[in-house]
Amino acid sequence: GNPSHGVRNDSSSPSMNNVTATGTGTGGIGIGNNYGVRNIFSSSPSMNNVTATATGGNTNYGVDNEASSSPSIRNSSITGTTNSIHNNGSTAKVADTVLDGAVSGTGFTCSSVSTSVGVALGPDCLADRVVTVADAGGDYTSLSAALAAIGTTLPAASAEKPYVVRVAPGTYTETST
C-alpha cells in the first residue's frame with residue numbers, strides 16, 4: 001500500500017526488541033513512500049536489536065521521526081535508500097548501530113555509530129568527512145568506490161562540510177567518468 005510501513009508508532013512509546021521491520025513498494029508521482037519504522041506524534045520507542053529497512057519507493061526512510069518523536073536506537077541496523085534516519089521536528093539517540101544511508105534533519109545524538117562499510121560517524125551521526133583509499137587497511141580499495149560512496153552510503157558533501165579523500169601509496173588503475 002501507500003505508504004508502506006514495517007512498523008508505525010502513532011503517539012506511542014513501545015519497547016521494540018529483536019524486531020525486523022521492512023517497508024517496500026513502488027510508487028508514482030506523489031506516492032510510494034516507504035518506512036521501516038515510522039514514529040509520529042510524540043512517539044518515543046526504545047529500539048534494541050532492530051533491523052529497519054525501506055526500499056523501492058520514491059522516498060525510503062529506514063526510521064522516520066516526525067512531530068516531536070524521540071526514539072532511542074541501540075544495537076540496530078537501519079537502511080533507507082533515501083535516508084537511514086530522517087528527523088523532522090524530532091530527535092534521535094543512536095548508539096552501537098550501523099546505518100546504511102545518510103541521515104537527514106537535526107537533533108541526532110550518536111555514539112559508536114558507523115556506516116555499512118565501517119566508517120565511524122560523529123556525535124551528530126555525520127561522517128568525520130575523511131575517507132581513506134588504500135590497498136589494505138583503508139575505508140575503500142579504489143578512488144571510484146570512495147567517491148561513489150559520498151552522498152549514497154555516506155552523507156552528501158557540501159561547501160560547509162567537504163570531504164578529504166586520502167590516498168595511500170600504491171598503484172591504482174581506474175577509469176573515471
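Taking the side chain as every heavy atom from C-beta outward, Ser84 and Val103 approach each other to under 4.5 Å. Looking only at side-chain heavy atoms (C-beta outward), Pro45 and Pro14 come within less than 4.5 Å of each other. The closest side-chain heavy-atom distance from Thr115 to Leu154 is below 4.5 Å. Residues Pro155 and Tyr163 are in side-chain contact: their nearest non-hydrogen atoms beyond the backbone lie under 4.5 Å apart. In this structure, the side chains of Tyr172 and Thr141 stay at 4.5 Å or more apart for every pair of heavy atoms. By the 4.5 Å heavy-atom criterion applied to side chains, Val165 and Val133 are counted as neighbours.
Rounding to the nearest 0.5 angstrom, the gap separating the CG atom in Asp139 from the OG1 atom in Thr132 is 5.0 Å. Between the CZ atom of Arg74 and the CG atom of Asp96 there is a distance of 5.0 Å, given to the nearest 0.5 Å. Note: Cys125 SG to Ile85 CD1 = 5.5 Å, rounded to the nearest 0.5 Å. Between the SG atom in Cys110 and the CG atom in Asp124 there is a gap of 7.0 Å [rounded to 0.5 Å]. For the atom pair Asn39 CG and Glu66 CD, the distance stands at 9.5 Å (nearest 0.5 Å). Put simply, NZ on Lys93 and OG on Ser111 are 12.0 Å apart, with the number rounded to the nearest 0.5 Å.
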>> Please determine whether side chain to side chain contact (heavy atoms under 4.5 Å, CB included) holds for the pair Ser42 and Ser11, giving the CA-CA distance in whole Å, both sets of side-chain angles, and the decisive distance to 0.1 Å.
In response: CA-CA 5 Å; Ser42 300; Ser11 301; 5.8 Å; no
> When you look at Asn75 and Asn49, which way does the side chain to side chain donor-acceptor pair (under 3.5 Å) test go after all the steps?
Replying inline: CA-CA 5 Å; Asn75 301 318; Asn49 196 28; over 6 Å; no
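For the side-chain hydrogen bond (donor to acceptor under 3.5 Å, both in side chains) with Asn60, the lone residue among Thr55, Asn83, Thr79, Asn34 that qualifies is Asn34. If you run side-chain hydrogen bond (donor to acceptor under 3.5 Å, both in side chains) between Asp64 and each of Arg8, His86, His5, only His86 comes through.
Smallest separation of non-hydrogen atoms from Thr97 and Ser76: CG2-O, 3.1 Å. Residue Ser68 comes nearest to Ser90 through the heavy atom pair N-OG, 3.4 Å, listed as atom of the first residue, atom of the second, then distance. Nearest heavy-atom pair across Val50 and Met16 is CG2-O, 3.5 Å.
Judged purely by distance below 3.5 Å, without hydrogens or angles, the side chains of Asn87 and Asn65 pair a donor atom with an acceptor atom. Side-chain N/O atoms of Ser44 and Ser70 include a donor and acceptor closer than 3.5 Å.
In the hydrophobic clustering of ILVMFWY residues, with side-chain heavy atoms under 4.5 Å counting as a link, Tyr140 and Ile150 come out together. Hydrophobic cluster membership differs between Ile40 and Phe108, with clusters built from Ile, Leu, Val, Met, Phe, Trp and Tyr side chains linked at under 4.5 angstrom.
In this structure, Tyr61 and Tyr35 have tilted ring planes: the angle between them lies in the 30° to 60° band.
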